[in-house]
Amino acid sequence: MGITKTQGFSFKINDLADILKAMGNPARLKILQFLMQAPASSCGEILEVLPLAQSTVSKHLSELKRVKLIKGKSKGNNIYYSLNVKTWDKVKDFLLTDIMLPREEEA
């Protein structure tokens, strides 16, 4: 009997695979791109740059929060989202070091 997809791999690899899987959606990539340029943005501000319904954007935000790529901070009735730099750095370090892609300054 074989092992499951995640058994036999380190926690780090499984964690990064989950994060990268969450990033593998055009709407989520656009959200991340937007938050890099406009940190502390509300769902309404994010909605303005996406051709999606509010409920769909909320689901994408929830998935990005689940893998800790973004953080949400409540202010009044709104939640303001920003990039979680710690997780983003973990992904960058993995791609630049463990996968050994050339760094931008070397390319």
Side-chain angles (χ1 to χ4, degrees):
M1 185 175 276
I3 60 174
T4 66
K5 289 193 292 185
T6 58
Q7 277 185 305
F9 297 99
S10 69
F11 174 79
K12 178 182 177 182
I13 291 293
N14 282 311
D15 187 42
L16 284 160
D18 197 28
I19 293 167
L20 292 169
K21 183 179 177 181
M23 291 175 65
N25 179 286
R28 293 182 199 142
L29 285 175
K30 184 65 178 176
I31 291 168
L32 292 171
Q33 182 183 46
F34 180 75
L35 291 176
M36 286 179 189
Q37 299 167 358
S41 297
S42 68
C43 185
E45 292 167 326
I46 295 168
L47 269 168
E48 292 177 16
V49 299
L50 295 172
L52 302 170
Q54 188 274 330
S55 61
T56 304
V57 172
S58 290
K59 287 180 184 178
H60 286 304
L61 290 168
S62 292
E63 181 63 10
L64 291 170
K65 276 181 68 175
R66 184 188 69 75
V67 297
K68 297 182 174 94
L69 272 169
I70 64 172
K71 301 185 273 189
K73 189 173 191 174
S74 294
K75 285 187 182 176
N77 291 334
N78 290 319
I79 298 174
Y80 290 86
Y81 296 94
S82 61
L83 197 65
N84 184 340
V85 177
K86 184 177 178 181
T87 303
W88 183 244
D89 285 345
K90 181 168 63 170
V91 172
K92 284 192 319 186
D93 289 345
F94 175 75
L95 293 173
L96 295 172
T97 305
D98 296 348
I99 300 293
M100 296 188 195
L101 292 176
R103 295 188 182 274
E104 289 179 19
E105 60 270 10
E106 295 172 2

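No experiment lies behind these values; they were computed from the predicted model shown.
In this structure Lys92 satisfies the side chain to side chain donor-acceptor pair (under 3.5 Å) test with no other residue, sequence neighbours excluded. In this view, Ala38 and Phe34, Ser41 satisfy the side-chain contact (heavy atoms from CB on, under 4.5 Å) rule, not counting sequence neighbours. Applying the side chain to side chain donor-acceptor pair (under 3.5 Å) criterion to Lys21, with sequence neighbours excluded, gives no partner residue. Under the side-chain contact (heavy atoms from CB on, under 4.5 Å) criterion, Ser55 pairs with Ala53, sequence neighbours left out. For Val91, the side-chain contact (heavy atoms from CB on, under 4.5 Å) partners at least two apart in sequence or on another chain are Leu16, Ile19, Leu20, Met23, Leu95.
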Worked check of side chain to side chain contact (heavy atoms under 4.5 Å, CB included) between Cys43 and Ile79: CA-CA 7 Å; Cys43 185; Ile79 298 174; over 6 Å; no
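Within the 4.5 Å cutoff, the side chain of Leu35 has heavy atoms near those of the Ile46 side chain. The side-chain heavy atoms of Glu45 and Tyr81, taken from C-beta on, include no pair separated by under 4.5 Å.
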Could you tabulate the donor-acceptor pairs under 3.5 Å formed by side-chain atoms of residues 59-74, not counting sequence neighbours?
{"unit_1": "His60", "atom_1": "ND1", "unit_2": "Arg28", "atom_2": "NE", "d": "3.0"}
{"unit_1": "Ser62", "atom_1": "OG", "unit_2": "Ser58", "atom_2": "O", "d": "3.1"}
{"unit_1": "Glu63", "atom_1": "OE1", "unit_2": "Arg66", "atom_2": "NE", "d": "3.0"}
{"unit_1": "Glu63", "atom_1": "OE2", "unit_2": "Arg66", "atom_2": "NE", "d": "3.4"}
{"unit_1": "Glu63", "atom_1": "OE2", "unit_2": "Arg66", "atom_2": "NH2", "d": "2.8"}
{"unit_1": "Arg66", "atom_1": "NH1", "unit_2": "Asp18", "atom_2": "OD2", "d": "2.9"}
{"unit_1": "Arg66", "atom_1": "NH2", "unit_2": "Asp18", "atom_2": "OD1", "d": "2.9"}
{"unit_1": "Arg66", "atom_1": "NH2", "unit_2": "Asp18", "atom_2": "OD2", "d": "3.2"}

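In terms of heavy-atom proximity, Ala27 sits nearest to Leu50 at O-CD2, 4.2 Å.
A distance-only check finds no donor-acceptor pair linking the side chain of Asp15 to the backbone of Phe11 [under 3.5 Å].
Connection of Leu83 to Tyr80 is not established within any shared hydrophobic cluster, with ILVMFWY side chains joined at heavy-atom distances below 4.5 Å, either directly or through further cluster members.
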